[in-house]
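Below is one structure, written out as structure tokens; the observations come after it.
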Amino acid sequence: MEKWDLYSKYREKTGNTITKGEHIPKGYYRLVVHVAIFNSEGKMLIQKRQTDKSRWAGLWDLSVGGHVIAGETSQQAGERETKEELGIDISLQDKRPNLSAAFGNGFDDMYAINMDIPLEKIVMQEEEVSDVAWATKEEIFDLIDNETFIPYHKSLIELLFFLRNHSEIHTDMD
């Protein structure tokens, strides 16, 4: 059974865990991670979720996403999820999330990485992923408009496309 660490509203581990599927108690939060993989053409690798998923079934999503398992770091979870869902080895050990965001009952660390991967080299996890494709920002916006992509705010997609080539969000002030 997959266990998740529970965090305070300040993103501190509380020492408590829950089992996947259990209700997250009020005042506690979970940690999820997303990895957005971009190729040298400036396209994002997107995955289509299986039709039997309990949430967002059959919709397109960012390259990789999943929960951080109890005891893992965000980086370890991003590496594990990328290997599990797409069969791709990546290293996030020297990387901080490009973006960390709070949502209803959790925190989401997002990584934007550049990597050219031929689609035929991807090994999709059958239980999670039904298809993969490379997509431009505009193509993802169209998928969102057509309600065939998870309904992220377009500004988040825009920011991920920007962050793929910018590790800092500030410009130099020299």
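Basis for what follows: all heavy atoms, side chains included, without hydrogens, waters or symmetry-related copies.
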Do [X] and [Y] come within less than 4.5 Å of each other through their side chains, counting heavy atoms only?
X	Y	value
Ser63	Gln47	no
Ser130	Thr51	no
Met124	Val132	yes
Leu31	Asp5	no
Lys48	Asp61	no
Arg30	Asn105	yes
Ile88	Lys83	no
Ile144	Ile157	yes

*Quick one: do Phe103 and Leu163 end up in the same hydrophobic cluster if we chain Ile, Leu, Val, Met, Phe, Trp and Tyr together by side-chain heavy atoms under 4.5 Å apart?*
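Phe103 does not cluster with Leu163.
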
*Going hydrophobic residue to hydrophobic residue with side-chain gaps under 4.5 angstrom, can you get from Trp56 over to Leu143?*
yes

With rounding to the nearest 0.5 Å, note down the distance linking [atom1] in [X] to [atom2] in [Y].
X	Y	atom1	atom2	value
Ile46	Leu59	CD1	CG	11.0 Å
Leu160	Tyr152	CG	OH	9.0 Å
Thr82	Leu92	OG1	CG	6.5 Å
Asp109	Gln75	CG	CD	7.5 Å
Ser155	Phe162	OG	CZ	14.0 Å
Glu158	Phe141	CD	CZ	5.0 Å

Minimum heavy-atom separation for [X] to [Y], with atom names?
X	Y	result
Ile37	Trp134	O-CZ3, 3.6 Å
Trp4	Lys20	CZ2-CG, 3.6 Å
Ile90	Gly78	CD1-O, 4.1 Å
Ser74	Val33	O-CG2, 4.0 Å

*Under 6.0 Å between the ring centres of Tyr28 and Tyr7?*
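Distance test on ring centres: not under 6.0 Å, no.
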
*Of the options Val32, Val35, Leu156, which is the one that meets Met110 in a side-chain contact (heavy atoms from CB on, under 4.5 Å)?*
Leu156

*Could you please spell out the steps behind the side chain to side chain contact (heavy atoms under 4.5 Å, CB included) verdict for Ile24 and Ile18?*
CA-CA 7 Å; Ile24 298 167; Ile18 61 168; 3.6 Å; yes

Considering residues, nucleotides and ligands other than [X], do more than 12 of their heavy atoms fall under 6.0 Å from its [atom1]?
X	atom1	answer
Phe161	CZ	yes
Glu147	CD	no
Lys154	NZ	yes
Glu126	CD	no

*Evaluate the side chain to side chain contact (heavy atoms under 4.5 Å, CB included) criterion for residues Met44 and Ile140: first the C-alpha distance (whole Å), next the side-chain angles of each, then the deciding distance (0.1 Å), finally the verdict.*
CA-CA 9 Å; Met44 183 193 295; Ile140 294 172; 4.0 Å; yes

With distance as the sole criterion, is a donor-acceptor pair present between the side chains of [X] and [Y] under 3.5 Å?
X	Y	answer
Asn114	Arg164	no
Glu127	Gln50	no
His34	Asp108	yes
Asn98	Lys95	yes

*I would like to know whether Arg80 and Glu72 meet side chain to side chain contact (heavy atoms under 4.5 Å, CB included); could you show each step before the answer?*
CA-CA 10 Å; Arg80 176 185 50 76; Glu72 276 185 325; 2.7 Å; yes

*CA sep, side-chain torsions, deciding dist, call: Lys9, Tyr29, side chain to side chain contact (heavy atoms under 4.5 Å, CB included)*: CA-CA 7 Å; Lys9 68 180 178 179; Tyr29 302 87; 3.7 Å; yes

*So, Asp116 and Lys43, do they make that salt bridge, N to O below 4.0 Å?*
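Salt bridge between Asp116 and Lys43, a charged N being under 4.0 Å from a carboxylate O: no.
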
*Asn146 side chain vs Thr148 backbone, donor-acceptor pair below 3.5 Å*: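 No.
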
*Verify, without hydrogens or angle tests, whether Thr73 (side chain) and Gln76 (backbone) share a donor-acceptor contact under 3.5 angstrom.*
yes

